[in-house]
Amino acid sequence: MASTHRLYVGTIGEGLWRSTDGGQTFVRAIDGMFVECSIRALVVDPRDPRVLYLGNEHGVYRTEDGADHWRRIDSPATGMHVWSILLSPHDPDMMFVGACPSRLFRTDDGGRAWTEPAARIQQGCPRIISTRVTSLCPHPQDPNVFWAGVEIDGVQRSKDGGRTWQLVGQGLSSQDIHALVYVLGNPGRLIATTNNDVN
């Protein structure tokens, strides 16, 4: 008997693909979006697996039926390249969006009202033209602490629920941050991957 476990794959230039049979077959699931969009961020609402958010070069999209249909959320990121999305594990109505050129956006009510938190993030770079917020990471225990990784401007930390952000991360081998993640079972150890190595 085939598994009913759903899998979603975001691609660069081919939109979103969905499998409803545990990965044996995939079909495109992009109704409501540009068919050849680039999906750089994709998250599932922990309260309802039919609700997903994705980010592409046109902004933030939401589905409430497991990717059968998508609609773009009216947000400050509309028309921007969205590279990262985070739903707070402590309150999934709190969502953060990271864009290119690097900007951060925050909502407390599931995307109805938005703010742009205070953050000093470099937006231009001679090598890649525009920096981007590649990674958003919550603290596993403290609901007020969040992290943002920027390519190419290091690591930003918020200690007030994402309302303000400060540049941190002395000792990194590179400011070219590709991902941030906590070590499982060790809330005191945050790992950053860069273009050079793992820190």
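Remember, it's a predicted structure, so these values are computed and weren't measured experimentally. These numbers come from the heavy atoms of this one structure, side chains and all, not from hydrogens, waters or symmetry mates.
Across every non-hydrogen atom of S102 and I121, the tightest pair is CB-CG2, 3.4 Å. Between A119 and W165, the shortest heavy-atom contact is CB-CB, 3.8 Å. A148 and L180 make their closest contact through C-CD1, 3.6 Å (heavy atoms, listed as atom of the first residue, atom of the second, distance). Between S158 and T164, the shortest heavy-atom contact is OG-O, 2.9 Å. Listed here is the closest heavy atom pair of A99 and M80: CB-CE, 3.7 Å. Nearest heavy atoms, V44 versus P49: CG1-CA, 3.8 Å.
Side-chain contact between M95 and I85: present, with at least one pair of heavy atoms (C-beta onward) separated by less than 4.5 Å. Between N199 and S173, the closest side-chain pair of non-hydrogen atoms falls below 4.5 Å. The closest side-chain heavy-atom distance from I152 to N195 is not below 4.5 Å. You'll find the side chain of I39 reaches within 4.5 Å of the side chain of N56, heavy atoms only. Between Y53 and I73 the shortest side-chain heavy-atom distance falls below 4.5 Å. Side-chain contact check for R120 versus L167: every heavy-atom pair is 4.5 Å or farther apart.
For S84 (side chain) and V133 (main-chain N/O), a donor-acceptor pair under 3.5 Å exists by modelled atom type. E151 places no side-chain N or O within 3.5 Å of a backbone atom of D176 that could act as its donor or acceptor partner. R189 places no side-chain N or O within donor-acceptor distance of the main-chain N or O of N186, the cut-off being under 3.5 Å. The main-chain N or O of G66 is found under 3.5 Å from a side-chain atom of R6 such that the two form a donor-acceptor pair. At least one donor-acceptor pair closer than 3.5 Å links the side chain of D153 to the backbone N or O of Q122. When atom types are taken as modelled, the side chain of S88 and the backbone of P92 share no donor-acceptor pair closer than 3.5 angstrom. At distances below 3.5 Å, at least one donor-acceptor pair connects side-chain atoms of T63 with backbone N or O atoms of H69. The closest donor-acceptor contact from the side chain of E14 to the backbone of R28 lies at 3.5 Å or more, if one exists at all. Distance alone, capped at 3.5 Å, is enough to place a donor-acceptor pair between the R106 side chain and the G161 backbone. S38 contributes a side-chain N or O that, together with a main-chain N or O of G13, makes up a donor-acceptor pair within less than 3.5 Å.
For the atom pair NE2 (H81) and CZ (R103), the distance works out to 13.5 Å, reported to the nearest 0.5 Å. Note: I177 CD1 to R132 CZ = 13.5 Å, rounded to the nearest 0.5 Å. Note that CH2 of W147 and OH of Y182 are 5.0 Å apart. Values are rounded to the nearest 0.5 Å. Here CE of M94 is found 10.5 Å from CG of D109. Values are rounded to the nearest 0.5 Å. To the nearest 0.5 Å, atom CG of residue N144 and atom CZ of residue R163 are 7.5 Å apart. In this structure, C37 SG and Y61 OH are separated by 7.0 Å, a value rounded to the nearest 0.5 Å.
Cluster membership for W114 and L104, using ILVMFWY side-chain heavy atoms within less than 4.5 angstrom, is not shared. Cluster membership for V43 and F146, using ILVMFWY side-chain heavy atoms within less than 4.5 angstrom, is not shared. Hydrophobic clustering of Ile, Leu, Val, Met, Phe, Trp and Tyr side chains at less than 4.5 Å, counting indirect connections, keeps L136 apart from F105. Under the 4.5 Å side-chain contact rule for hydrophobic residues, W83 and V181 do not share a cluster. Hydrophobic clustering of Ile, Leu, Val, Met, Phe, Trp and Tyr side chains at less than 4.5 Å, counting indirect connections, keeps L52 apart from V9.
Residue-environment remark: CG (D142) exceeds the threshold of 12 foreign heavy atoms within 6.0 Å.
Of the charged side-chain nitrogens involved, none lies within less than 4.0 Å of a carboxylate oxygen, so that D68 and R50 do not count as a salt-bridged pair. Salt bridge present: R47 and D93 bring a charged side-chain N and a carboxylate O closer than 4.0 Å.
No side-chain N or O of R18 forms a donor-acceptor pair with one of Y8 less than 3.5 Å apart.
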